[in-house]
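Chain letters run A, B, ... following the sequence lines, proteins first and then strands; every chain starts at 1.
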Amino acid sequence: MNKFNNEEIARLLRRVSAAYIIKNFNRFRIIAYDKAADSIEKSNIEVRDLWEQNRLSDLPGIGSTIAAHLDDLFKNGKVKHFEQAFANLPQGMFPLLDVPGFGPKKAYLLSDKFRLNDSDTAINKLLAIAKSGKIAPLEGFGAKSEQDIIAALEGFIKGQTKKKRMPLPYAYNAARLVIEYLKSNRATENAYLLGSLRRGVSTIGDIDIGVATKKEQEVINFFLKYPKSVKKIEQGESGASILLITGQQIDIRVQRPESFGAMLQYFTGSKAHNIRLRELAVKKGLSLSEYGIKNIKTGKLKKYASEEGIYAALNLPFIPPELREDWGEINAAEAQKLPELIAREQIKGEVHVHSDYDLKPSHDLGASSVEELLQTAQKLNYEYLVISDHNPKISGLSENQIISIMKKRKEHFEHILSSNKNIRVKLFIMLEVDILPDGNLALPAQAFDYVDAVLVSIHSSFTQDRETMTQRILTGLSHPKAKIFAHPSGRLIGKREGVNADWDKVFDFCRQKNKALEINSYPDRLDLADIMVKKAVDSGNKLVIDTDSHHKEQMTLIDYGITVARRGWAEKKDILNTLPYNEFAEWLKN
DNA sequence: GCCGTTTTCGGCCCGACTGTTTTCAGTCG
């Protein structure tokens with residue numbers, strides 16, 4: 001078996017596309033490979049997992065042909081068809097494709113000209129060639145492009161690849177500061193997030209911001225003077241890009257207020273959503289662009305100040321940014337069947353926080369007291385709070401010791417409640433219990449007497465095979481007091497892949513046994529992932545949204561979890577901690 | 001090569017910026 005991750009597979013498909021461009025294949029065939037690569041790159045699910053389940057074609061852009069090629073890839077580690085595509089080309093062109101500023105044509109032309117046949121040495125060789133001044137004299141090149149090539153190659157060698165995605169919260173914070181800065185200029189009438197940030201995608205590439213203004217140049221010049229900028233990347237009439245010292249790229253787009261809606265729509269994306277929307281427009285004799293909607297026959301352009309106007313012109317209701325992923329939202333909109341997405345004010349309780357009560361936990365202790373957490377819950381307008389410390393460690397403590405710890409903990413919390421009558425928030429005394437590798441829960445049977453219910457989760461042996469992992473999860477969830485499956489995939493964004501499990505089976509089990517799946521708002525987790533949330537919602541599963549806070553300040557991170565839920569089409573009815581206290585308590589007991 | 005409540009055949013989104021050019025090719029989103 002061969003382990004190819006999504007990034008590697010996407011790169012491979014792009015290389016095929018590049019080879020086909022050089023070989024002058026049908027351009028739609030080329031686009032198909034690029035689309036497939038896009039789709040795989042953005043997928044939250046490992047393509048390999050889909051392949052194991054024989055579900056490759058679930059991914060948009062993957063049809064029977066590419067699915068068959070990927071089958072080859074996973075089985076044999078290579079694809080005959082791809083090797084043929086790569087044949088008779090200078091192999092040095094392929095690594096160059098990963099360098100910013102290089103596309104198929106430039107990569108091929110230079111590799112061919114300078115006989116870069118070895119993919120391992122091509123980058124360094126080309127750098128030396130560029131430095132010796134051999135590129136500038138070539139037709140179509142010049143001194144400036146030679147310098148750009150040197151800078152791009154040096155940057156690449158230092159580790160700057162084309163894409164570097166960061167978790168949503170980091171991007172959000174950087175963007176917020178830039179927006180504040182832009183708004184401090186009087187020429188700025190308004191400034192909004194654009195792109196994946198506005199759609200709330202869990203990982204962000206570039207930070208895009210849209211500015212409504214009548215003085216475009218003034219705003220752009222002001223933007224270029226942003227104090228944290230270290231480099232101007234691009235400047236034009238309608239926008240500019242800078243690089244921050246943190247390595248984050250910030251793009252702004254400026255537009256007149258009367259056309260701002262079209263711009264906002266266009267730059268919010270996603271690309272797939274926009275393409276689908278433009279296809280719909282074409283069928284209606286209209287052409288949609290960044291500037292508005294053109295009547296194809298008359299050539300007349302109509303401007304739109306608001307996004308609502310754009311969608312209305314296409315006979316669609318407004319589609320919330322979080323849904324714009326081409327996951328069926330345009331069809332749903334046409335049928336007037338868009339979901340009424342869950343909103344922050346509908347959340348009635350926080351159901352996963354860790355306190356500083358020292359119960360000799362198996363994992364990290366929280367940093368805030370129960371009183372502080374209750375007060376924070378009250379400030380956030382919650383009716384109830386679940387304290388869910390990690391279970392006491394099982395090595396080094398006897399069962400009796402653990403039972404005694406759990407009993408004392410319950411008494412401690414009850415004492416706090418009775419001595420703080422001014423706290424209105426109701427408390428559930430729960431625990432986050434490890435599902436051990438064999439599926440047993442890391443808590444003695446008798447200790448369950450001292451909790452209302454438990455969340456269960458995986459904190460070890462993440463790499464078990466699919467069948468073992470699935471059985472482990474089901475066994476763990478079988479305990480009558482196990483009500484919530486916390487951070488189900490166990491992924492840490494950018495650090496650890498999620499576990500491999502048969503999610504259909506897990507979801508079926510949860511639905512039948514009345515268990516909830518968690519949407520964990522913690523920035524590195526955001527787990528379940530949006531696409532899995534959609535799957536859960538589609539199959540009628542119930543979810544909770546919580547923060548897994550280890551400090552009271554982290555409880556405001558709930559907004560990120562809500563964003564994930566919205567991206568998964570979740571409505572109030574799908575989220576159990578929208579229930580009032582009594583009903584939530586009732587659900588916990590059954 | 002993909003895709004489908006107008007299609008299983010015949011379509012397939014739109015434009016900006018850069019560097020090189022006197023009208024365009026390549027790259028990017």
Side-chain angles (χ1 to χ4, degrees), chain A residues 13-14 16-18 20-22 25-39 41-42 56-57 59-70 81-82 85 96-110 135-149 152 162-163 194-196 205-208 220 232-241 249 251-255 262-263 265-284 286-294 296 301 326 328 330-332 334-335 337:
Chain A
L13 294 174
R14 279 192 216 290
V16 175
S17 157
Y20 282 175
I21 285 176
I22 301 307
F25 275 54
N26 175 292
R27 76 186 180 96
F28 294 110
R29 197 166 168 193
I30 292 163
I31 290 170
Y33 272 91
D34 278 328
K35 274 189 179 168
D38 277 349
S39 179
E41 203 163 53
K42 290 213 197 79
L56 279 178
S57 299
L59 274 179
I62 309 285
S64 55
T65 306
I66 292 182
H69 293 329
L70 294 183
H81 186 84
F82 293 175
L96 286 174
L97 294 171
D98 298 329
V99 181
F102 279 83
K105 301 277 177 83
K106 203 188 287 180
Y108 170 73
L109 194 146
L110 294 174
I135 289 179
L138 297 178
E139 196 185 336
F141 292 84
K144 178 70 170 78
S145 56
E146 188 173 73
Q147 282 312 305
D148 288 348
I149 286 172
K162 278 184 184 174
K163 293 222 170 112
L194 302 173
S196 51
D206 295 340
I207 295 169
D208 298 310
I220 287 175
K232 178 175 96 178
I233 296 171
E234 198 174 273
Q235 177 180 6
E237 281 179 18
S238 59
S241 303
Q249 183 177 332
D251 300 346
I252 63 160
R253 298 284 141 190
V254 292
Q255 186 54 271
M263 192 273 265
Q265 195 290 316
Y266 172 75
F267 279 104
T268 296
S270 67
K271 191 172 168 183
H273 172 85
N274 284 354
I275 288 174
R276 187 74 66 175
L277 209 57
R278 281 178 230 147
E279 284 169 355
L280 184 73
V282 168
K283 284 177 190 153
K284 296 176 193 285
L286 303 168
S287 173
L288 172 64
S289 80
E290 170 184 357
Y291 302 103
I293 299 180
K294 207 190 284 180
I296 294 173
L301 179 80
D326 193 22
I330 291 175
N331 284 346
E334 281 185 300
K337 281 184 180 159

Under 4.0 Å: is that the gap between some side-chain N or O of His81(A) and OP1 or OP2 of dG1(B)? yes

So, does Lys106(A) get its side chain near the phosphate of dG26(B), meaning an N or O under 4.0 Å from OP1 or OP2? no

Has the side chain of Glu146(A) got a donor or acceptor atom that lies under 3.5 Å from a matching backbone atom of Ile135(A)? yes

Does Gly101(A) offer a backbone N or O that forms a donor-acceptor pair with the side chain of Lys106(A) under 3.5 Å? yes

Please report, rounded to the nearest Å, how far the [atom2] atom of [N] is from the [atom1] atom of [X].
X	N	atom1	atom2	result
Ile30(A)	dG26(B)	CD1	C1'	14 Å
Ile275(A)	dG11(B)	CD1	C1'	15 Å
Tyr108(A)	dG26(B)	OH	P	13 Å
Asp34(A)	dC28(B)	CG	P	11 Å
Phe102(A)	dT27(B)	CZ	C1'	12 Å
Arg27(A)	dG1(B)	CZ	C1'	14 Å
Leu277(A)	dC12(B)	CG	P	16 Å
Arg14(A)	dC28(B)	CZ	C1'	11 Å

What distance do Ser17(A) atom OG and Ile30(A) atom CD1 have between them, rounded to the nearest 0.5 Å? 6.0 Å

At what distance, to the nearest 0.5 angstrom, does OH of Tyr33(A) lie from OG1 of Thr65(A)? 7.0 Å

Does the structure show a Watson-Crick or G-U wobble partner for dT8(B), both distances under 3.5 Å? Name it, or say none. none

Are there more than 12 heavy atoms of other residues, nucleotides or ligands under 6.0 Å from atom NZ of Lys284(A)? yes

Glu279(A), CD: over 12 other non-hydrogen atoms inside 6.0 angstrom: yes

Indicate yes or no: at least one non-hydrogen side-chain atom of [X] is less than 4.5 angstrom from one of [Y].
X	Y	answer
Glu334(A)	Leu280(A)	yes
Gln255(A)	Tyr291(A)	yes
Leu97(A)	Phe102(A)	no
Ile149(A)	Leu110(A)	yes

Give me the distance, rounded to whole Å, that separates [N] from [M] when you measure between the [atom1] atoms they each carry.
N	M	atom1	answer
dT18(B)	dG11(B)	C1'	33 Å
dG1(B)	dT5(B)	C1'	24 Å
dC2(B)	dT6(B)	P	23 Å
dT21(B)	dG15(B)	P	27 Å
dC12(B)	dC17(B)	P	27 Å
dT8(B)	dC14(B)	P	24 Å
dG29(B)	dT22(B)	P	27 Å

Polar pairs (N or O, both sides) under 3.5 Å between protein and nucleotides 3-9 of chain B?
{"residue": "dC3(B)", "atom": "OP1", "partner": "Gly61(A)", "partner atom": "N", "Å": "2.8"}

Taking syn as a glycosidic torsion within 90° of 0 and anything else as anti, which one is dT7(B)? syn

Base versus backbone protein contacts along nucleotides 14-22 of chain B [heavy-atom cut-off under 4.0 Å; B, S, -]: BSSSSSS--

Let me spell it out: for each of Ile31(A) and Lys105(A), pick the nucleotide of DNA chain B with the closest heavy atom. Which residue's pick is nearer the 5' end? Ile31(A)

Per-pair stack call Phe28(A) and dC2(B), 5.5 Å, 30°: no

Between Asp38(A) and Arg14(A), is there a salt bridge with N-O shorter than 4.0 Å? yes

